[in-house]
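Each chain gets a letter, A, B and so on, in the order the sequences are listed, and its residues count up from 1. Keep in mind it's a predicted model, so treat the numbers as computed, not measured. Heavy atoms only: backbone and side chains are in, while hydrogens, waters and symmetry mates are out.
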Amino acid sequence: MTPANLADTVLSAARAVFETRGLDVGALPATTTVERPRNPEHGDYASTLALQLGKKVGVAPRELATALAEELGRRDGVKSVEIAGPGFLNIRLDAAAAGVLARDIVLAGSAYGRTERLAGERVNLEFVSANPTGPVHIGGVRWAAVGDALSRVLRTAGADVGTEYYFNDAGSQIDRFARSLLAAAKGEAAPEDGYGGAYIAEIAADVVKAEPEVLSQDPEAAQETFRRVGVDLMFAEIKKSLTEFGVHFDTYFNEKDLHDRGELQEALDRLREQGHIFESDGATWLRTTDFGDDKDRVLRKSDGDWTYFAADCAYYLDKRKRGFERVVIMLGADHHGYIGRMKAMAACFGDDPAKNLEILIGQMVNLVREGEPVRMSKRAGTVVTLEDFVEALGVDATRYALARYSSDSPIDIDIDLWTRASRENPVYYVQYVAARTASAARQAEALGVTRGEPGDFRADLLDNEKDNELLKTLGEYPETVAFAAEHREPHHVARLLEKIAGAYHRFYDEPACRITPKNADDPVTDGHRARLWLNDATRTVIANGLALLGVSAPERM
RNA sequence: GCGCUCGUAGCUCAGCGGAUAGAGCAACGGACUUCUAAUCCGUGGGUCGCAGGUUCGAAUCCUGCCGGGCGCGCCA
């Protein structure tokens with residue numbers, strides 16, 4: 001019995017109680033959940049349904065709880081129901097009912113954890129979105145890890161997700177990049193407002209290699225060559241490092257396309273139809289203050305040029321036209337000032353800014369060595385890059401370290417901690433469970449312990465406290481993934497994996513919970529076989545969870 | 001000044017409407033002829049920044065204040 005099954009059972013028991021007592025069945029919620037009490041004395045699961053409904057239907061919560069407890073206690077798999085406090089229902093399950101979860105998980109395999117919670121939702125997830133003027137740096141790295149994990153979490157919860165990387169290879173930043181390349185190729189110092197760092201010289205040299213005649217072109221043509229070829233090389237490098245990091249995007253969207261297709265004008269027209277456009281000082285403005293922004297925003301400057309914000313509007317409209325009703329944009333903390341205007345812009349289009357546009361803000365990340373933030377990159381000069389991260393920690397530890405914290409928290413990633421092979425390092429702690437379950441399974445195979453047919457599985461033998469704790473923790477997985485998806489917070493998945501890891505290690509250390517006989521000549525029992533199911537179920541959940549985070553689940557360590 | 005965000009154990013952080021607030025680290029003490037000790041067990045440690053409010057119930061939601069970070073261009 002999964003927590004979701006139990007919750008359904010609680011709800012159906014409540015319906016039965018309501019019917020026999022003539023209470024308003026309409027007051028019942030469509031779904032309910034059970035939670036795991038902190039205090040083990042409070043049973044395996046607790047329901048607060050009586051508490052929530054008592055007032056609604058005019059029955060004392062305690063009285064309602066009593067009737068509910070009696071009805072629920074008659075259901076299959078429910079061992080006991082106690083009433084506590086103002087009307088909590090503390091539920092205990094039969095060992096057999098709890099234990100079948102191990103088999104269910106193994107049989108579900110990689111599908112365990114999937115739900116329909118977000119079924120039918122089309123979500124566009126935009127993250128990283130760095131312009132091709134340099135390597136992906138520290139803020140982008142956080143979003144690469146968190147955004148990619150979130151996309152997988154959303155899909156697992158049933159959403160239809162498109163991931164997207166937005167870039168611009170035409171603006172003034174790119175001109176600075178091109179001038180910097182040209183200067184580097186000529187052996188001159190970087191321009192005043194240009195880009196520094198060794199990578200500029202590397203890219204410049206690569207451009208010269210690809211276009212040997214470039215330096216004999218006139219300066220304007222040369223700069224254009226450096227721009228065109230340099231952007232290609234830089235972007236290829238960004239994609240390569242993201243690919244090595246395990247991150248790929250469904251769509252790489254170039255701002256230029258918005259201009260070429262006239263989408264900025266289209267967005268302006270649309271906003272004008274909605275009545276939020278005005279002209280002032282020769283410029284064209286969007287009256288975002290109608291929807292809570294601090295000030296109105298210019299879309300088209302008095303010199304006729306479009307603003308960056310105008311492109312943002314067009315891009316948003318483009319995503320909406322592609323059928324995404326949830327546009328999610330992940331930005332660094334330094335961009336949080338955009339939230340107001342972006343939300344207002346969505347409202348100006350006639351959308352619901354609370355539903356159609358979500359802006360997630362990621363706080364700062366520091367890579368720390370010996371207590372001091374690492375500030376400089378070998379290649380990029382002033383910033384720490386994705387390569388620096390991977391070089392220092394490896395892909396698994398980098399992804400896990402970044403995905404295990406709430407994006408709201410500024411974090412310091414300590415190189416020494418995250419490369420340590422011990423309990424202190426969460427990624428090793430979790431990965432060790434993957435290795436340990438695999439090792440235990442190999443050992444079982446060598447000693448002739450097999451799970452046997454699903455029908456022969458003896459769930460009732462998983463009656464040790466450690467079995468029960470591990471089962472309950474594994475049972476939390478689908479709800480945790482769904483919760484993480486709804487809240488756009490993949491770190492909950494990592495935290496649950498750590499909890500599962502703890503429960504597994506304690507199970508493993510319990511002499512009563514052995515998967516194989518202690519001595520080679522001892523007989524193999526149904527208990528060993530039942531625990532092999534539980535061992536394999538754990539491996540399944542750990543592997544599924546790590547896959548959501550883009551981290552490997554090694555068979556051996 | 002306005003806005004966003006954070007404030008939970010000595011440190012790094014979970015918990016975000018449920019019961020006596022948790023984990024790791026750090027301190028101290030235990031368990032290896034191992035189904036991998038890369039593990040486990042135990043002990044101590046807290047006015048959940050402060051003050052009100054909503055609620056049967058608040059670390060969690062609302063308001064105000066205090067403190068830290070960040071942002072407030074016809075830049076991109």
Counting heavy atoms from C-beta on, name the nucleotide in [options] closest to the side chain of [X].
X: A:Asp294; options: B:rC40, B:rC74, B:rC72; answer: B:rC72
X: A:Ser302; options: B:rU39, B:rA38, B:rC74; answer: B:rC74
X: A:Leu51; options: B:rC56, B:rC35, B:rA76; answer: B:rC56
X: A:Glu35; options: B:rG18, B:rU39, B:rC41; answer: B:rG18
X: A:Arg297; options: B:rG73, B:rU39, B:rC35; answer: B:rG73
X: A:Lys295; options: B:rG73, B:rA38, B:rC74; answer: B:rG73

To the nearest angstrom, how far is [X] atom [atom1] from [N] atom [atom2]?
X: A:Phe88; N: B:rA19; atom1: CZ; atom2: P; result: 6 Å
X: A:Glu465; N: B:rC40; atom1: CD; atom2: C1'; result: 14 Å
X: A:Asp175; N: B:rA76; atom1: CG; atom2: P; result: 11 Å
X: A:Tyr45; N: B:rG18; atom1: OH; atom2: C1'; result: 18 Å
X: A:Tyr504; N: B:rA38; atom1: OH; atom2: P; result: 14 Å
X: A:Tyr308; N: B:rA76; atom1: OH; atom2: C1'; result: 7 Å
X: A:His335; N: B:rG73; atom1: NE2; atom2: P; result: 14 Å
X: A:Ile83; N: B:rG18; atom1: CD1; atom2: P; result: 21 Å

Go through the structure and list residues passing salt bridge (Lys or Arg N to Asp or Glu O under 4.0 Å) with [X], not counting sequence neighbours.
X: A:Arg420; answer: A:Asp416, A:Glu424
X: A:Lys499; answer: A:Glu476
X: A:Arg442; answer: none

Cut-off 3.5 Å, side chains only: do [X] and [Y] have a donor facing an acceptor?
X: A:Thr516; Y: A:Gln443; answer: no
X: A:Glu164; Y: A:Tyr315; answer: yes
X: A:Tyr338; Y: A:Asp312; answer: no

Which whole number of Å gives the distance between the P atom of B:rC62 and that of B:rC4?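 Going atom to atom, P in each nucleotide, I get 11 Å.
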
Taking only residues two or more places apart in sequence, or in another chain, which ones meet A:Ala102 in a side-chain contact (heavy atoms from CB on, under 4.5 Å)?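 side-chain contact (heavy atoms from CB on, under 4.5 Å) check on A:Ala102 returns A:Phe457, A:Leu462, A:Leu471, A:Trp533, A:Leu534, A:Ala537.
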
Report the residues that fulfil side-chain contact (heavy atoms from CB on, under 4.5 Å) with A:Pro426, sequence neighbours left out, ordered by chain and then residue number.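 Testing A:Pro426 for side-chain contact (heavy atoms from CB on, under 4.5 Å), a comparison that skips the adjacent residues, returns A:Tyr400, A:Arg404, A:Trp418, A:Glu498.
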
Does A:Asp312 get its side chain close enough to the base of B:rA76, under 3.5 Å, for a donor-acceptor pair? no

Test for a donor-acceptor pair under 3.5 Å between the base of B:rA76 and the side chain of A:Tyr338, counting only N and O atoms.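 Donor-acceptor pair under 3.5 Å: yes.
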
Dot-bracket encoding per residue of RNA chain B, Watson-Crick/G-U cut-off under 3.5 Å, | denoting interstrand: (((((((..((((....[...)))).(((((.......))))).....(((((..]....))))))))))))....

Does the side chain of A:Lys301 get closer than 4.0 angstrom to OP1 or OP2 of B:rC75 through an N or O atom?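 It does, given that an N or O in the side chain of A:Lys301 lies less than 4.0 Å from OP1 or OP2 of B:rC75.
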
Can you give one letter per nucleotide of nucleotides 4-12 of chain B, 5' to 3': B if a protein heavy atom sits under 4.0 Å from the base, S if only from the sugar-phosphate, - if neither? BSS------

For A:Tyr165, check ring pair (Phe, Tyr, Trp, His ring centres under 6.0 Å) against everything at least two apart and list the hits. A:Phe235, A:Phe249, A:Tyr252

State which residues pass side-chain hydrogen bond (donor to acceptor under 3.5 Å, both in side chains) with A:Arg506; sequence neighbours excluded, sorted by chain then number.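 A:Arg506 satisfies side-chain hydrogen bond (donor to acceptor under 3.5 Å, both in side chains) with no other residue.
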
Collect all protein-nucleotide pairs involving nucleotides 42-45 of chain B in which both atoms are nitrogen or oxygen and the distance is under 3.5 Å.
none

What N/O pairs connect the protein and nucleotides 58-62 of chain B at under 3.5 Å? Give each pair on its own line.
none

Neighbours of RNA chain B within residues 472-501 of chain A, by heavy-atom distance under 4.0 Å: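 Those residues are A:His491, A:His492, A:Arg495.
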
